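Notes for the one structure printed next.
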Amino acid sequence: TSTSSPSSSLPSFSLRWTSLRVSNILHPSSYTLGPGHMLGILGPSGSGKSTLLTALAGILPSNLEYSGDVIMLKTSGPKDNRTDTSQNLKVDDIAYLSQSDDFFNMLTVRETLGIESAFLNSEVEMRQEMLVNSLSLNTVLDRPIGSRSLGSSSPGLSGGERRRLSCALEMLSSPLLILSDEPTTGLDSSQAHKVVKKLKEVAVSNRIPSVVTLHAPRGSVYNVLTDVLLLAPGGEPVYIGPAKEACAYFNKLGFKCRKDGNVAEFLIDLVSVDVEEEEIMKKDLERIDILTEAFRKREALATQNPPPPTKTIRTPWPRLPVHRRIGVLIKRSFKQNVRDSTVNGLRLGACCLLSFIFSNIFGENMAGKPNAKSVADRTALLSYAVINMSMMALMKTLDLFGREKPVVTRERMKNHYGGTEYLVAKMIAEVPMDCSFSVAFAYLLKKFTNLNISLGRLTSTLAVTTVVTDLLGFAVGSIAPDGDTALAAGTPIMIIYMVLGIINPAGASGDSESKLPLLLRMLKQASPIRWAIESLCCGEFRGMKLARCAGRPSMGALGLVKTGDQVLEALGLGEKDWIHGIKTLGIVGLVEFGVASFAQFVTQPASRAGNRGKGSPTKTTTTSISQLNENETRQPIKATPKLNL
Ligand SMILES: Nc1ncnc2c1ncn2[C@@H]1O[C@H](COP(=O)(O)OP(=O)(O)OP(=O)(O)O)[C@@H](O)[C@H]1O
């Protein structure tokens, strides 16, 4: 394929891969896809279409081994003397449209596009308008995206509209390469044609290559393609070349394509295996063997003449300044949080209901002047208050974190912002709202019961506890690979913190901690629940005078105490005060934030190696994917596998 743009003096880009192979999933292929060209990867389900796409994007899962080179060729210079230079293919050069469409569901289409434009820090309004028009998103611009999960109360956009929005988001930047995985999923034939045509138009107007995987394209979609790669089961390529020459190629091998038939259907049929009937299956396998053998011969010839090495300069997108990046993130998180009226309503309702229930259960002994009989109830009430606020904050944070993860990963792959920036923005946007629930709960609790602790201390302790538990959620969410794992891990962590943090007024004794194994002692030190309860107990009992009670107190030795200080002594908190608990809670929160930031850094998506960034053009040395990763442990590819049917 020619790599130079025939008429323009503007630079054009081509994608070249050589002997690209992935574990035993994808067998080697080499190709150069020219500017404005669109390659369709066709093949039956499981033949490795998506795997090839992720290999080209450089975002293969870490358990897969790969070899081969992928480079971008830049053709530039005056019309009569154009030269090819090669450059690293970085994730942030690529528009990658994955199979799933993930968004912040409380935002509208317009807001979602606006946020992507803001991160791109460039004049993209015109492009945005053009994309909205050509992808027919005008009618849904001000609609919230909503959630497509079963039974969702806000279904929002249809599957096809979400697909077109994903497409628009990826096209907003000026990518050097467009990769789209099944862009036509969920679209009717006219919309599917529209989307593929739009992708091709962007490729043509930007003079860049584009690759799409297609499961079963219609004739109209196939006609948009300029090039085709046909994969057989087991990831065996059987054809790669111009779309218009595919029929002639197979005709030559003895497989006739009907002139009036759908070429895509003919190609897919060539590599399909009917496993229901043994005779037909045998024939199908024989045909595929012939095709793969012919392809391997062609591939061997092609790799005998490797392309010459070249040099390059690349111009990265300037990144937004850090304060503006955080500003955009805060705005988005805030909107996502505030607009979730169902969840917010439920949280407020839970605060009211629980304060009412707690005060009814524990409030009876607390009426009138404080006495020894109320000590256990006061301790239990404060403990449940802490547990309630912590649990609510953690569950909400983990749930939101999990839902945001795919979007954040995608954006961080494009190097829009760093993990710590995301965490800081989330804290600023979400913590005030979370704390407002703590304030409401503390106010109601104080109002309904005869707690001794001041409203200020009760409110601030519960608010700090909420912040620290939010941070715990950030840490767990950052370490866990997805939302489900985070939720599954978060609950037992919280229960451990609860068990270790709760003070049992009947059995409390200061020296019991030293008898615990080291791990449990460490966990006890890290338990926000422990420090919050200790702090509240100090605030409640320090300086309290206990009146004689009429009935017999049920808490053993605690029944004999006369002052709050004696209670604290008995609870093992003799030396401690309210401020000590709050300070330690703050330290726990800082450690959790450190863990979350570190986990975000360690799990940084592939674009960390990219050099987009400081606002000015950057020079890079020429390196192919295989060289870039030479420090990584790459095991040799195993022997050619059998067909994986
Ligand atoms: N990370 C992985 N580890 C192991 N095997 C994998 C991994 N990713 C994909 N595979 C396997 O590789 C094969 C090809 O998967 P891939 O998703 O690329 O197929 P596909 O052609 O895109 O399928 P579909 O059209 O159904 O999306 C499948 O058998 C799949 O199970």
Side-chain angles (χ1 to χ4, degrees), residues 17 20-29 31 38-68 70 91 94 96-102 159 163 166-167 178-187 192 195-196 199 210-218 221-222 225 227-240 264-265 267-275 284-285 288 291-292 295 406 409 413 481-482 484-485 603 605-606 625 629 632-645:
W17 68 97
L20 185 63
R21 175 177 195 161
V22 180
S23 291
N24 57 1
I25 293 177
L26 201 67
H27 291 254
S29 63
Y31 202 56
M38 177 178 254
L39 173 83
I41 307 177
L42 310 186
S45 180
S47 57
K49 303 184 291 296
S50 306
T51 304
L52 176 57
L53 213 65
T54 48
L56 293 176
I59 51 169
L60 268 175
S62 55
N63 70 323
L64 296 179
E65 305 149 1
Y66 65 95
S67 65
V70 182
V91 173
I94 300 168
Y96 181 82
L97 188 63
S98 70
Q99 279 191 19
S100 64
D101 302 303
D102 302 295
R163 199 86 271 251
S166 292
C167 195
I178 302 169
L179 301 174
S180 9
D181 204 356
E182 306 273 1
T184 57
T185 307
L187 302 181
V195 165
V196 176
L199 293 170
S210 155
V211 184
V212 287
T213 68
L214 296 164
H215 203 245
R218 287 173 176 254
V221 170
Y222 184 86
L225 305 175
D227 303 70
V228 165
L229 165 59
L230 182 61
L231 287 172
E236 289 275 7
V238 299
Y239 176 78
I240 187 162
E265 257 174 41
L267 296 179
I268 303 274
D269 285 349
L270 275 179
V271 287
S272 298
V273 180
D274 186 342
V275 286
D284 287 342
L285 291 176
I288 290 172
L291 297 178
T292 46
F295 182 85
T409 305
M413 276 175 160
D482 53 56
D484 291 343
T485 317
T603 57
I625 279 190
N629 294 283
E632 292 175 12
T633 47
R634 190 188 308 148
Q635 287 156 26
I637 301 286
K638 294 178 188 83
T640 313
K642 290 204 177 78
L643 278 182
N644 177 15
L645 298 179

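This one's a predicted model, so the numbers in the text were calculated from it and none came from an experiment. This chain uses plain numbering: 1 for the first residue, then up along the sequence. As the structure lists them, so they are numbered: ligands from 1, and atoms in each ligand from 1. The figures here come from the full heavy-atom set of this structure, side chains too, leaving out hydrogens, waters and symmetry mates.
Using a 4.5 Å cut-off on side-chain heavy atoms (C-beta onward), V196 and M38 make contact. By the 4.5 Å heavy-atom criterion applied to side chains, L20 and L56 are counted as neighbours. In this structure the side chain of Y31 reaches within 4.5 angstrom of the side chain of D227, judged on heavy atoms. The shortest distance between side-chain heavy atoms of S47 and V271 does not fall below 4.5 Å.
Ligand-side atoms of ligand 1 in range of I25: 5 (N), 6 (C), 10 (N), 11 (C), 12 (O), 13 (C), 14 (C), range being under 4.0 angstrom from any heavy atom. Atoms of ligand 1 found under 4.0 Å from any heavy atom of E182, numbered from 1 in the order shown, are 25 (O). Near T51, the atoms of ligand 1 lying under 4.0 angstrom from a non-hydrogen atom of the residue are 14 (C), 15 (O), 16 (P), 18 (O). Proximity to S47 (heavy-atom distance under 4.0 Å) selects the following atoms of ligand 1: 19 (O), 21 (O). Below 4.0 Å from some heavy atom of N63 lie the following atoms of ligand 1, by number and element: 1 (N), 2 (C), 3 (N), 4 (C). If you number the atoms of ligand 1 from 1 as listed, the ones under 4.0 Å from a heavy atom of H215 come out as 25 (O). Every atom of ligand 1 with a heavy atom of Q99 under 4.0 Å away is listed here by number and element: 27 (O).
Residues satisfying the side-chain contact (heavy atoms from CB on, under 4.5 Å) criterion with I268, sequence neighbours excluded, are L42, S272. With sequence neighbours excluded, the residues that form a salt bridge (charged side-chain N to carboxylate O under 4.0 Å, His left out) with D284 are R287.
Across G235, A55, S50, heavy-atom proximity to atom 17 (O) of ligand 1 is greatest for S50. Between G43, P44, A216, G46, it is G46 that holds the heavy atom closest to atom 23 (O) of ligand 1.
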Self-check item: side-chain contact (heavy atoms from CB on, under 4.5 Å) between Y222 and L214, intermediate numbers included
Solution: CA-CA 9 Å; Y222 184 86; L214 296 164; over 6 Å; no
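With hydrogens and angles disregarded, a donor-acceptor distance shorter than 3.5 Å links the side chain of T213 to the backbone of E182.
With a heavy-atom cut-off of 4.0 Å, L64 touches ligand 1 through its side chain alone.
The distance criterion of under 3.5 Å between nitrogen or oxygen atoms is met by G48 with respect to ligand 1.
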